[in-house]
2 protein chains.
Amino acid sequence: MYSRELLKGILKPIILKLLSEHDKMYGYEIVQHVKEKTEGKVLIKEGSLYPTLHSLTKEGYLTTESVLVGNRTRKYYSLTKEGTGLVVPALNELIDFQATLGLLFGKEKPAVS
Amino acid sequence: MYSRELLKGILKPIILKLLSEHDKMYGYEIVQHVKEKTEGKVLIKEGSLYPTLHSLTKEGYLTTESVLVGNRTRKYYSLTKEGTGLVVPALNELIDFQATLGLLFGKEKPAVS
DNA sequence: TGCAATACATCATATTATGATGTATTATTG
DNA sequence: CAATAATACATCATAATATGATGTATTGCA
């Protein structure tokens, strides 16, 4: 059975994948990136993102680095060694999940004739 | 943005799709069917299924019919007209969601080099 | 006879995305 | 130049829902 986490949330895998490709990103950047990549179809809300980033950090998968740009603070997040180790399993599980969705919702039998 | 329902649950779409293909099914049958179809990867729990069936019924998307088999009751569920109208939109949204997952987790840039 | 499978159900709990709200800076536009 | 939008962080109450635990009862099989 798929983990409850996977069935409920794709936010952590998204963050892990992005950080595996980008070395370091800050919250607002993640939101914009996902928005563009998904053609505006996935809009991560601050209320979802920041708690998730904090929890991943607390769990030891991310480290932070605050940078002052002008007078505005930017908090960069990057993968720890542990976080890096999490990327591939998380993606594999998601990919497998997609395939399973295919089994369930594949086109062998059309929903409506 | 995808509905919260979709992001959180695939159970309702599963039920709708199955009932659109099977005319009438009972709870235990749904569990077994999904288990077989997904090679044991999606195991619907009774604690998830029955409340969902009840809520779909309450919302007018399903009707029930109790049948006595031996001394054991079987409660068959089938789609109402409203429920049938729900099938295609629900599946389309899910299929679109799968495609969007592809945008996010596609293989253009491998997660690990 | 006892265990697994069949078949229904409810309820407390845990998880987590969202919306609301807050603060503050910077850029744009009328 | 003033107002607005965008940038950038954050917290908290709420809502939604899958799960695990628990319960009842029948049926089939070893």
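Letters A, B, ... are given to chains in the order of the sequence lines, protein chains preceding strands, and every chain is numbered from 1. Computed from a predicted structure; not experimentally measured. In what follows, every heavy atom counts, from backbone to side chain, and hydrogens, waters and symmetry copies are set aside.
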His33(B) side chain vs Glu29(B) backbone, donor-acceptor pair below 3.5 Å = no

Could you tell me whether a side-chain N or O of Ser48(B) sits under 3.5 Å from a main-chain N or O of Ile44(B), the two making a donor and an acceptor?
-> no

Would you indicate what Gly27(B) reaches in the nucleic acid, counting non-hydrogen atoms under 4.0 angstrom: base, sugar-phosphate, or nothing?
-> sugar-phosphate

Are Leu91(B) and Ile15(B) connected, step by step, through hydrophobic side chains (Ile, Leu, Val, Met, Phe, Trp, Tyr) whose heavy atoms are closer than 4.5 Å?
-> yes

Side-chain donor/acceptor of Arg72(B) to base of dT6(C), under 3.5 Å | yes

Taking the side chain of Leu11(A) as heavy atoms from C-beta outward, which of dT6(C), dC8(C), dA17(C) is closest to it?
-> dA17(C)

Listed nucleotide nearest any side-chain atom of Asn71(B), set dT27(D), dA17(C), dT19(D) | dT27(D)

With respect to the side chain of Glu46(B), which nucleotide from dA18(D), dT7(D), dC8(C) is positioned closest?
-> dC8(C)

NZ/NE/NH1/NH2 to OD/OE distance under 4.0 Å, Lys37(B) and Glu21(B) = yes

Map Leu49(A) and Tyr77(B) onto DNA chain C by nearest heavy atom, then report which one ends up closer to the 5' terminus.
-> Tyr77(B)

Determine the contact category for Thr73(B): base if any of its heavy atoms lies under 4.0 Å from a base atom, sugar-phosphate if only primed atoms, P, OP1 or OP2 are that close, otherwise nothing.
-> sugar-phosphate

The residue, Val69(A) or His54(A), whose nearest nucleotide of DNA chain D is more 5′ is Val69(A)

Candidates dA18(D), dT19(D), dA17(C) - which lies nearest the side chain of Lys45(B) = dT19(D)

Give Arg74(B) one of three labels, base, sugar-phosphate or nothing, depending on what nucleic acid heavy atoms sit under 4.0 Å from its own.
-> sugar-phosphate

May I ask you to say what Gly70(B) touches in the nucleic acid, namely base, sugar-phosphate or nothing, with a heavy-atom cut-off under 4.0 Å?
-> sugar-phosphate

